[in-house]
Amino acid sequence: MTSDTVLRPSGADQGGPRRSRPRPTLGRLWETWGITVVLIALLALSPLIAPDFLTQANLQSVLRESAYLGIVAAGMTFAIMNGTFDLSVGGQLALVSVATLAGFSAGGTLLAVAAAVATGVGCGLVNGALVTALRVPPFVATLGMLFVFRGIAYIFTQDGPKTLPYDQADSSFVKIGSLNLAGIPVPFVIMLAVYAAAWVVLRRTTTGRQVVAFGSSPEAARFCGVSATRVRLFVFTLVGLCVGIAALTYVTRVWTADGSAQDGFELSVITVVVLGGTSLKGGKGTLIGTFSAVLLVAVLNDILVSQGVGASYQRIVLGTVLITALAIDGLRTRFAAPGSFRRAVLRRSTEVRSSS
Amino acid sequence: ESEEPATSGADDGEALTVGFSVYDMQFEFFQEMERGTREAAEEKGWEFVLHDQRSDENEMVTGAQALLDQNIDVLIISPVNPEALGPIVNKAQEMGIPVVVDDIGGGGTPYDAIVISDNEDGGVQAAEYMAAQIEANGVTSRKVVSITCEPSAFYAARRNEGFRTAIEAAGYEVVTELSGNSRAEDAYDIMNDALARDPDVAGVFACNDPMAVAAGNAIIDAGMDPVNDIVTVGLNGDPEALTAIESGGLSATVAQDPAGMGALTVDLAEQLANGETPDFDNEAEREVYQEVTLVTSENLADFTN
Amino acid sequence: MDGATAKSSPLLEVVGLTVDFPGVRALDGVHLDVRPGEVHAIVGENGAGKSTLLKVLGGVNTPSAGSLTLGGEPFRPHRPHDAIAAGIAVIYQEFNLFPDLSVAENVYVGREPHGRLTRGLDYARMRRGCREIFDVLGVRIDPDARVRDLAVSEQQLVEIAKALSVGGRVIVMDEPTAALARTEVRRLLDVVRRLRQEGKAVIYVSHHLEEVFEVADRATVLRDGRHVATEVITETTEDDLVRLMVGRDVESVFHRESTDEGAVVLALDGVSAGRHLRDVDLEVRAGEVLGIGGVAGAGQTELTQAVFGAIGLKSGGMRLDGHDHAPSSPRDAIAAGVGFLHEDRKAAGILPDLSVLQNLGMSVLRRLRTGPLRLLSPAAERGVYREYSDRLRIKASGADQLISQLSGGNQQKVLLGRALAPGGRLLVLNEPTRGVDIGAKAEIHQLVNELTAAGVAVLLVSSDLLELLGMSDRIVVLAGGRVVGRLEGADRTEENVIACATMGRKIAVDA
Amino acid sequence: MSGQSPGPAPAEARGTRRAPADRVRQALVAAPLAVPLLLVCLVLTLATDRFLTTGNLENVLVAASIVALPGLAMTLCIAMGEFDLSVGSTVALTGAVTCTWLVDGRPTLVAVVAGLVVGAAVGLANGLVITKLGVTPFIATLATLVIVRGLSLVYTDGRDVIVNDEALKYLVAGRPLGVPMPIVLAVLAAVLAWWTVNRTRFGRWVCAIGSNREAAVISGLPVDRIRIAVYVLVGLAGGVWGVLISSQLQKGSGQLGAGFELDAITVVVIGGTSLLGGSASVIGTLLGAILIETIRNGLNLLNTPAAYQRISVGLLLVAALAVQAIRRKAPTEALDDV
Ligand SMILES: Nc1ncnc2c1ncn2[C@@H]1O[C@H](COP(=O)(O)OP(=O)(O)OP(=O)(O)O)[C@@H](O)[C@H]1O
Ligand SMILES: Nc1ncnc2c1ncn2[C@@H]1O[C@H](COP(=O)(O)OP(=O)(O)OP(=O)(O)O)[C@@H](O)[C@H]1O
Ligand SMILES: O[C@@H]1[C@@H](O)[C@H](O)OC[C@H]1O
Ligand SMILES: [Mg+2]
Ligand SMILES: [Mg+2]
């Protein structure tokens, strides 16, 4: 009936029960770096599967071709962390590309760049305005605008696609897509710069913090002074800006644009972001995860193609790898997490709850 | 204007490596084209490397450029987007590799040769047959429907242009012209709606066979006959169209010969690799034409072997 | 000691229970035995491991060591379903409700009565069952209302109703009264006594020791995940328990040090807002705590939200520090220097995916920026964390721990820190000590005293009547959204608050 | 509540909406969609002389029924807070299997059942991968989309499987009691879906999971089994879709159904079922399907060129939902929606 513990003065145990060092747990490390580890493993194994993979020319080609997807995915990471997504990026890419090539033929490289950025930002603002001012749910707003942007792109290319004139093959504009800087393709350099900037915005600015806070719990964020209108407007505009930049690396590689460019792009972009560990419920995710996922998909694709795997089987392999990559994480959280029953289930549903 | 082709390992009779970048192996049309190309190359004892663009222009540019890096002597390409041929042809020229385009279009680039179906003529043939058949059916309506491919398929649009010009010249009116995006599912719905709009249409032309057969099915489901009530004509000569003509689900189609086109591109590749100048049908555009043929129940046997 | 309790053998026995979380051992060799017909309280500071223990019983947490026995049989719940099937009904500290479903559907979830043939749900029966339980609890909640539309206290009552309707041999309650008003607490305690009479075992967790002394037969004290003592209630005192819990004497709670009142900081003039609030006039002065009393749903929440710009005014006006105060959003209110603590910690308080540090910094982001690019400074963020984790004695394994991994009370402290951080002249506190342990509660009250001494004006809403009386200099009582009483000085009595809240007038005092 | 008298207020019961009223509210959530639908119909009636004919309206309803069938299953999935991206590929695989079995001379019923079984199997695979391997539904069903498309192409060897089967045709062209078969099927399915969602344990549990999955687990609901069942239902509905499309086109092909998944999700979402889960509007899904098909039909009747069709469909979608949001006057609610 009596205490068997010596009473001790308070204040001595600020840290609480046996809290030694606040080291990040394996689980959280895997959440952030898991897909990167898978990517590195794949790269390490690639000489066994595809001996030609690790050649300089091939690596350059992989990096160059995945840049536009990667750049848009950086913006989409913000959107998804904010608890929404943008289904219109394919239409935006088509429209921005058309505008870019029109700009180039009208006034050269500078005007092309200006047109790309302005059109991208414009598309983003339209989405943002629909969502914030007209209160259209983002899914329908961006799905609707996907059709609209593509439609407009088609109207501007009714007499044929906008193309980069063949005699401009040596222009500085084209170099954006084809040049290498110290052996690194310029599109990939741009992608690196976008990720660096995105990281700073996400981690080190008030806006970035507010984007994540809102994604984690819109209601709680509101009481912290976060304006839903501002973050949503910001996020959609940022996606547009990223599409603008991405389109520059895209059209300078394919030299043409019309309404049909990159059909189904939105799904590819959302896929890499989710594969990279960003939760569709918002609040959680990393840019490095997205970055690695972009490369993982590109590398896999390249290896499959180079191994002469037929398109049908490519799909089967790619899909299986997607599942496997995430199953590792799923199984880990399901069975290996100490202390808690089905933590995966519980953790996800907390997010559901908080956003409702 | 086209450069002197490189002769790396292209001495007469020596085995070449030919790279073929195909539009999309999902489609029977291109499976046939691939077969024709591959068999012709194998016959010559060449090495054959295939790349599937999977209907994706990004994959087309990346993959075809990668193909150029694989020590090929000639590139044959059936481009998903001809306008995106620029960077590919540009790189090929720098490497001295001749480019033969198969079907679709050349996008205004300095390719070395292009094999192309006479798409416009296909539309014209379809129109002329349709007009005659409508007369034969004793139908007096002068309304017809035209179902087009996706708006970006500029090559296929020529079929509808040829069709429209010829059918209007014959005194008909195209009351509905809508895009079925090359998809059977869409064409079925479009035909339904077109029938609701004008129940008395006398004929329908679709610029590929999957859409034409689907339109035929919609006509049947509406309680009419796609041969005797509404003359239904497609384009391609796909197996499903031939089956449909046989069973009365389609009046006619205009056949292309994808395998023949493939074989032709290999011949052209050989000439170019040997430094010869091919015999062009159109010198300025470096075009070699592939005939298209009208297939009806009468000459069906010639196509079904 | 209750005779019956002493004789019977334990219904539930826990031996050597250890639970580990990544980086934290939440429970360390804990033992516990509960007998049929016993109310067994578990007490301890925030983060002591109370909820973790209950979650093991409920099959939510899996222990890394230890054994459980239920009715003499080994009991090893692997999932909540096992515990439910074994007759253990748990009311968790954080609600487990379905906001989109009706009250009745929530109460009966998993056990819905339905027709044989059509499988159609028997809503009539569910409604009737709900009404019966709510009658026992003495509350009126519409069984068909959507839970999303309920107030926090009503949600708590739905949780309780759910557990009661399940029945079972063991009823486990984790801070069931934290969100309840006084009358509701009384009713609940009656229910607990009745359960004891029926021979059930009740495990009762609360930071309100007076409740523990009222209903419990024995109390087990946990500290830092360890079993400290199990005391028979009749043989111990509140002070003893507190000492066992926190390892020191705690200053008597509710010690309000009145300060000299200063200028009017916040003035409301005929404010109507939201669904209830009508025509409210009030003033809060610098250095003063103005308490808002009333039964649940009387409009306290709407009052605070109007001040904070979370709901718009329908009419009337507000002045802050002599200037017009018309915030159109919390954002405006924060900019104007209003600190705010929300009553609903889980739904509108914590940012679950963010760390403790990031949660703390949310209200002062602008102040954390440095350099020409105005980037957030990690050093400044850690500064804020250090300041408040010390000041509020927040127990976290580190600044970067996710706030959702903290114990409920520690989450509350983080949110309090967030409300204080802007350091404005007006602080709006909604249920500031809900779920907070007794030691921390005293510290929070001390903090309020310090703030008012420094000239801050505090608007306090608390369903804890003792806290409201003890901490407020003046009390405004609301009923039906209107001010029905203003209590100052000697008028600030329990009886008066209750009388105003329920009858609209003070108890008649001799002239 | 607003009319409450001042002074003493007993502990009042909040949230006075009763279940019948709740149903009215649900209907009202769907009703704003009826407003744009009526507007669209009005415009089309004025702009074309053929819109308001029985034949044409029947066209619209048949097309709407065909997309509503998978839409109803998707409604459950979305009410559960998840969605299934693999439906389009399931359409291809089921169609391919059914047609191949027909070509192999098997009875129509057997061939159709085989197709449906394949659809359900795809759903089962989704459900197992999601619940047992813990893969996010988005990635799991996206992977299945890719894999199943690959399988259908491998299965058909990339070729069309052409059939000519009267019995199969009956599924779209048949008219029991003079009503087109797809409409009959959709109405039956809708009644069943409504009953399931609003009146059965299963339906309430689905909404419970969508409302708060953690609570569903803690309440002891068989969460995994329910989720698997819902994915099987969606797979089955994808199978029905595939069979109907094959019936229309009298062929199976690895290419059919590309992008259909988005159509199925769209009719649900514009019907008012929130992607956040927790509630399901069966009527909304039906209206959503009818709205989409009416727009498409109208633009075809107006002979709108492809580019303008896209723009119009997009703008009308956005406008329909904007009207809905404005009528609902719930600013934050709309914003918090995904
Ligand atoms: N206009 C404002 N009114 C009220 N609070 C504000 C305002 N601006 C910022 N805040 C508060 O400051 C924090 C940072 O907000 P935010 O990053 O939006 O600032 P900002 O206005 O964008 O600053 P700047 O434009 O100078 O970078 C938020 O938590 C918010 O509460
Ligand atoms: N999911 C989790 N992950 C990591 N640590 C956790 C988790 N849940 C609880 N903990 C830790 O376990 C310890 C005990 O927490 P518990 O919730 O049991 O405390 P409590 O006694 O109920 O406190 P309170 O009175 O504040 O509710 C705390 O240090 C807490 O941070
Ligand atoms: O007619 C052909 C069309 O059917 C196919 O889809 O693309 C190439 C065309 O030549
Ligand atoms: Mg607790
Ligand atoms: Mg309240």
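Below, chains carry the letters A, B, ... as their sequence lines are ordered, and counting in each starts from 1.
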- Message: Tell me whether D221(B) is salt-bridged to K169(D), with the criterion being a basic N under 4.0 Å from an acidic carboxylate O.
- Response: yes
Which side-chain N or O atoms in residues 172-180 of chain D pair as donor and acceptor under 3.5 Å with protein atoms at least two apart or in another chain?
from: R175(D); atom 1: NH1; to: G178(D); atom 2: O; distance (Å): 2.6
from: R175(D); atom 1: NH2; to: E58(D); atom 2: OE1; distance (Å): 2.7
from: R175(D); atom 1: NH2; to: E58(D); atom 2: OE2; distance (Å): 2.2

- Query: Hey, does the side chain of N217(B) reach the backbone of L249(D) with a donor-acceptor pair shorter than 3.5 angstrom?
  - Reply: yes
- Message: Using 0.5 Å steps for rounding, measure from the CG atom of L195(B) to the CG atom of N59(D).
- Response: 8.0 Å
- Is there any residue in residues 150-168 of chain D with a non-hydrogen atom under 4.5 Å from a non-hydrogen atom of chain B, and which ones are they? L153(D), D157(D), G158(D), R159(D), D160(D), I162(D), N164(D)
- Message: Could you go through E185(B) and I245(D), starting from their C-alpha distance and side-chain angles, then the distance that decides it, and tell me whether this counts as side-chain contact (heavy atoms from CB on, under 4.5 Å)?
- Response: CA-CA 7 Å; E185(B) 307 96 298; I245(D) 294 289; 4.3 Å; yes
- Item | Residue S247(B) versus chain D: region with a heavy atom under 4.5 Å | side chain
- Task: Count the heavy atoms belonging to other residues, nucleotides or ligands that lie under 6.0 Å from CD of E42(B), then report whether that count exceeds 12.
- Result: yes
- Task: Among D189(B), T243(B), I190(B), single out the residue with the greatest number of heavy-atom pairs under 4.5 Å to chain D.
- Result: D189(B)
- Pick from A244(B), A194(B), S179(B), A184(B) with the largest number of heavy-atom pairs that fall under 4.5 Å of chain D: A184(B)
- Task: Count the heavy-atom pairs under 4.5 Å between each of A196(B), P239(B), G249(B) and chain D, then report the option with the highest count.
- Result: A196(B)
- So which pairs with a foot in residues 241-268 of chain D pass side-chain hydrogen bond (donor to acceptor under 3.5 Å, both in side chains), sequence neighbours left out? E240(B)-K251(D)
- Item | Residue part contacting chain D, namely of N181(B), when any heavy atom lies under 4.5 Å | side chain
- Message: Taking side chain as everything from C-beta outward and backbone as N, CA, C, O, which of these in F51(D) sits under 4.5 Å from a heavy atom of chain B? Side chain, backbone, both or neither.
- Response: neither
- What are the residues of residues 292-308 of chain D, in order of number, with any heavy atom under 4.5 angstrom from a heavy atom of chain B? R296(D), N297(D), N300(D), L301(D), N303(D), T304(D), A306(D)
- Item | Atom of P199(B), atom of R50(D) and distance for their closest heavy-atom approach | CG-NH2, 3.5 Å
